Amino acid sequence: MKLLKICNIKNIFETRTAGLMDVPFLGYHLISESDFVRKETIKKCVRELRMYYPNTKAILVTKEKDINKLLSVINEIEFDGVQLHYDGSEMQAAALKGSLGKSFIVFQVVTPEATGSVPSQCDYVLIDKSYKGGTGKQVTQADLRKIINRYGDKKVFLAGGISASNLYQYFDLPIEGFDIQSAVKSEDASIYENTDYD
């Protein structure tokens, strides 16, 4: 069975919906200024997960490279893991594992254009079309196979344009799970709820 990670969770309603569904990983973005405006909301969401949905892990999705800043945010909000959304994140992954222990979850994003070293400290390699994220663009099958072969025995998640209409294309690949974002967001979004229950 493939695992699921839903990215860019914005509020308590989305958190509860995913928690009730036992989604293993929820990604909370702290990248842009608008993300940081929601910092207190994210803190409440993570607290709620810990209290009521302990099987669902809160993952900080970030482009921050400074270890001290990363540790500060992770400890303040009590994230269960991090998704490092940039090339060459090996040093940060090693430092976080060293500081927070082996149970702290690390996703390292790689793209077809990745030039950094092969991730060795992460729990999951997350393949995406670009480091921008949320583009809805798919990685080609040829690029996917090259990347999966490159990272050998690492557990792999796939992101980039994953939806109910194309999921079947990836079932035969040796991947651990899928990272989805826009495909589960309703077009009738509101500030209260914008996750599509279907």
Side-chain angles (χ1 to χ4, degrees), residues 1-11 13-32 35 42 45 49 53 55-63 79-87 89 105-114 119 122-189 193-198:
M1 186 166 143
K2 306 291 186 191
L3 297 176
L4 183 63
K5 178 176 171 291
I6 300 179
C7 226
N8 204 12
I9 298 293
K10 292 183 183 286
N11 55 52
F13 304 102
E14 291 182 345
T15 298
R16 288 173 181 160
T17 299
L20 285 167
M21 296 171 66
D22 274 333
V23 174
F25 304 107
L26 298 185
Y28 294 90
H29 288 201
L30 283 176
I31 298 172
S32 67
D35 293 335
I42 292 171
C45 291
L49 284 181
Y53 311 104
N55 294 330
T56 301
K57 303 303 179 192
I59 307 297
L60 165 64
V61 178
T62 183
K63 294 188 179 192
F79 284 108
D80 299 298
V82 67
Q83 179 175 313
L84 301 170
H85 229 287
Y86 46 87
D87 196 12
S89 58
I105 303 160
V106 175
F107 286 83
Q108 281 181 268
V109 176
V110 297
T111 69
E113 291 78 33
C122 66
D123 298 284
Y124 302 99
V125 169
L126 194 152
I127 302 170
D128 203 346
K129 180 69 175 173
S130 77
Y131 290 109
K132 183 176 180 183
T135 63
K137 294 181 180 173
Q138 294 175 264
V139 179
T140 67
Q141 287 281 342
D143 282 339
L144 272 177
R145 292 185 190 284
K146 283 183 202 170
I147 295 169
I148 290 169
N149 288 337
R150 181 176 183 211
Y151 296 114
D153 62 347
K154 282 289 172 193
K155 294 178 182 175
V156 173
F157 265 66
L158 176 60
I162 306 296
S163 68
S165 64
N166 63 23
L167 199 60
Y168 71 93
Q169 298 173 20
Y170 307 107
F171 283 150
D172 292 336
L173 293 173
I175 58 176
E176 192 77 10
F178 300 100
D179 182 306
I180 57 175
Q181 182 173 321
S182 54
V184 294
K185 301 292 182 173
S186 171
E187 292 180 13
D188 302 319
E193 298 186 59
N194 64 349
T195 297
D196 189 334
Y197 290 86
D198 295 328

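Worth saying up front: this structure is predicted, and the values here are computed from it rather than measured. Computation of the quantities below employed the complete heavy-atom set of this structure, encompassing side-chain atoms and omitting hydrogens, waters and symmetry-equivalent molecules.
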Pairwise side-chain contact, [X] with [Y], heavy-atom cut-off 4.5 Å (strictly under):
| X | Y | value |
| --- | --- | --- |
| Arg145 | Leu173 | yes |
| Ile147 | Pro112 | yes |
| Phe157 | Ile162 | no |
| Gln83 | Tyr124 | no |
| Tyr53 | Leu20 | yes |
| Val61 | Leu30 | no |

Give, for atom [atom1] of [X] and atom [atom2] of [Y], the distance between the pair rounded to the nearest 0.5 Å.
| X | Y | atom1 | atom2 | result |
| --- | --- | --- | --- | --- |
| Lys57 | Ile105 | NZ | CD1 | 6.5 Å |
| Thr62 | Ile31 | OG1 | CD1 | 6.5 Å |
| Asn8 | Asp35 | CG | CG | 6.5 Å |

Any donor-acceptor N/O pair, [X] side chain to [Y] backbone, under 3.5 Å:
| X | Y | answer |
| --- | --- | --- |
| Asp143 | Val139 | no |
| Asn149 | Lys146 | no |
| Lys2 | Ile175 | yes |
| Asp128 | Thr111 | no |

Practice item. Output, in order, the C-alpha distance, side-chain angles, deciding distance and verdict of side-chain contact (heavy atoms from CB on, under 4.5 Å) for Val110 and Leu126. Key: CA-CA 6 Å; Val110 297; Leu126 194 152; over 6 Å; no
Check your understanding: Is it true that the NZ or CZ of Lys5 lies under 6.0 Å from the centre of Phe107's six-membered ring and within 45 degrees of the ring axis?
Key ->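 Ring-cation test returns yes.
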Practice item. State whether a side-chain donor-acceptor pair under 3.5 Å links Tyr28 with Thr15. Key: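 Yes, Thr15 and Tyr28 have a side-chain donor paired with an acceptor closer than 3.5 Å.
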